[in-house]
Amino acid sequence: MFTTIMVWAGSWIAMKLVVPYIAPFQFVAVRYLSGSMVLFALLVALRRPLGMTPWKLTLLTGLTQTAGFQGFVQTALVSGGVGKVSLMAYTMPFWVVLFAWWILKERPTARHAIGIVLAAAGLVCFLEPWGGMGDAAPVLLALGSGLCWGLGTVLSKRMFDLHAPDLMTFTAWQMLLGGLVMTPVALWVPHAPAQWGWQLWTGMIYIVLIATAAGWLLWLSVVRRVPASIAGLSSLGVPIVAVLLAWGLLGEQPTLTEAAGMALILCGLWVVSRAARPAAR
């Protein structure tokens with residue numbers, strides 16, 4: 001798990017560093033179309049099934065967990081810092097609790113409610129409404145990414161419960177469909193041409209091969225094995241490490257109010273994780 005945390009935390013730095021060289025929607029399309037091709041090549045090499053998994057849930061997962069999540073994230077990173085955006089994206093476990101209650105009938109507990117209240121207080125600290133909200137767009141976009149990821153996680157869990165697809169096959173197809181959905185958006189939305197220098201190539205190689213192909217396989221393997229309401233808890237170290245890396249490498253030092261917001265959100269995540277431990281056992 002330590003390796004997964006470091007890989008995904010590092011991907012946040014890489015995503016921020018490629019922002020000047022490629023437009024957000026272009027990035028998402030290239031990332032996931034390339035990542036899916038890597039996985040399909042592995043499927044062929046390993047002689048795993050290539051047939052498309054049940055298309056409705058696969059498409060919905062690709063729309064939410066791939067296109068929606070990453071589209072919101074990369075747009076937020078254009079003007080938002082890594083620490084703030086990553087922490088908002090990792091409100092995903094709270095959205096999972098709500099969507100799992102609605103779709104999977106996994107009823108939340110009182111501790112889940114306390115955790116959500118703490119996270120909401122942390123969000124208020126980030127938005128700082130007493131100061132005129134400031135630039136709220138990156139925070140709201142990142143929050144939308146967490147919502148999309150949470151819904152995609154619950155849809156993935158439903159897919160595994162109902163159809164038990166091959167893990168790599170399902171991952172490849174939902175990535176492909178999500179990337180295809182983003183392709184016309186990447187072509188139609190006005191943008192500057194991508195600058196394919198060594199900076200962009202280096203960042204994309206890391207993001208496609210390690211953070212996307214390997215990272216999402218690891219993530220969906222967790223989703224397949226545990227209840228949806230606790231699946232997100234395995235990755236809660238990622239935003240903490242991402243904040244520290246952004247501080248050390250990019251000079252993104254959080255303000256006292258933002259630090260208080262981070263602390264409240266992390267407390268909320270801890271409360272939710274404590275509520276989930278009996279179920280995990």
Side-chain angles (χ1 to χ4, degrees), residues 2-45 65-90 138 141-142 145 149 171-172 175-176 178-219 235 237-254:
F2 176 78
T3 302
T4 306
I5 289 173
M6 295 305 297
V7 164
W8 271 13
S11 75
W12 284 95
I13 305 299
M15 288 190 292
K16 180 65 175 181
L17 291 176
V18 302
V19 162
Y21 306 103
I22 187 169
F25 299 129
Q26 278 186 302
F27 170 85
V28 178
V30 171
R31 172 179 183 173
Y32 285 107
L33 290 177
S34 302
S36 66
M37 292 302 101
V38 170
L39 292 181
F40 278 117
L42 286 173
L43 287 170
V44 172
Q65 186 167 261
T66 297
F69 166 63
Q70 194 63 58
F72 279 125
V73 160
Q74 204 62 26
T75 307
L77 284 172
V78 172
S79 59
V82 168
K84 183 180 292 187
V85 173
S86 65
L87 199 65
M88 288 295 99
Y90 276 86
L141 286 167
S145 75
W149 188 8
T171 305
M175 273 190 192
L176 176 62
L180 289 174
V181 167
M182 292 303 295
T183 299
V185 180
L187 294 174
W188 293 337
V189 173
H191 59 269
Q195 302 174 40
W196 287 98
W198 69 267
Q199 301 96 329
L200 183 53
W201 277 111
T202 303
M204 292 303 295
I205 288 171
Y206 175 86
I207 291 166
V208 169
L209 295 180
I210 301 175
T212 303
W216 282 101
L217 274 176
L218 291 169
W219 165 246
S235 60
V238 175
I240 300 173
V241 177
V243 167
L244 296 175
L245 288 176
W247 190 352
L249 298 176
L250 305 178
E252 295 180 3
Q253 183 174 354

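Note that the coordinates shown come from a computational prediction; the quantities given were computed from them, not determined experimentally.
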State the [atom1]-[atom2] distance between [X] and [Y], to the nearest 0.5 angstrom.
{"X": "Ile13", "Y": "Leu249", "atom1": "CD1", "atom2": "CG", "answer": "5.5 Å"}
{"X": "Thr171", "Y": "Leu176", "atom1": "OG1", "atom2": "CG", "answer": "12.5 Å"}
{"X": "Gln65", "Y": "Gln70", "atom1": "CD", "atom2": "CD", "answer": "11.0 Å"}

Would you indicate whether the side-chain heavy atoms of [Y] and [X] approach each other to under 4.5 Å?
{"X": "Glu252", "Y": "Val243", "value": "no"}
{"X": "Gln74", "Y": "Arg31", "value": "no"}
{"X": "Tyr32", "Y": "Leu180", "value": "no"}
{"X": "Leu141", "Y": "Val85", "value": "no"}
{"X": "Leu39", "Y": "Leu42", "value": "yes"}

| query | Any donor-acceptor pair under 3.5 Å linking the side chain of Thr212 with the backbone of Ile207? | reply |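 Yes, Thr212 side chain to Ile207 backbone: donor-acceptor pair under 3.5 Å.
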Polar side-chain atom of Lys16 near backbone of Leu77 as donor-acceptor pair, under 3.5 Å:
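It does hold such a pair.
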Margin query: Before you tell me yes or no, could you show the steps for Val18 and Phe27 under side chain to side chain contact (heavy atoms under 4.5 Å, CB included), namely the whole-Å CA-CA distance, both residues' side-chain angles and the distance that decides it to 0.1 Å?
Written below: CA-CA 9 Å; Val18 302; Phe27 170 85; 3.8 Å; yes
(request) Mark yes when over 12 heavy atoms from residues, nucleotides or ligands other than Trp201 sit less than 6.0 Å from its CH2; otherwise mark no. (result)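 Atom CH2 in Trp201 is not packed in, count stays at 12 or less.
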(request) Classify the angle between the aromatic ring planes of Phe69 and Trp149 as parallel (below 30°), tilted (30 to 60°) or perpendicular (above 60°). (result) tilted
Check your understanding: side chain to side chain contact (heavy atoms under 4.5 Å, CB included) between Thr75 and Phe72: does it pass, once the steps are laid out?
Key -> CA-CA 5 Å; Thr75 307; Phe72 279 125; 6.0 Å; no
With sequence neighbours excluded, what pairs up with Val208 under the side chain to side chain contact (heavy atoms under 4.5 Å, CB included) test?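 Listed in chain order: Ser34, Val38, Met204.
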Which atom pair, heavy atoms only, marks the closest approach of [X] to [Y]?
{"X": "Val82", "Y": "Ala242", "result": "CG1-O, 4.1 Å"}
{"X": "Ile22", "Y": "Ala194", "result": "CG1-CB, 4.1 Å"}
{"X": "Leu209", "Y": "Ala213", "result": "O-CB, 3.5 Å"}
{"X": "Val241", "Y": "Ala9", "result": "CG1-CB, 3.5 Å"}
{"X": "Pro138", "Y": "Gly80", "result": "CB-CA, 3.7 Å"}
{"X": "Ala89", "Y": "Trp12", "result": "CB-CH2, 3.7 Å"}

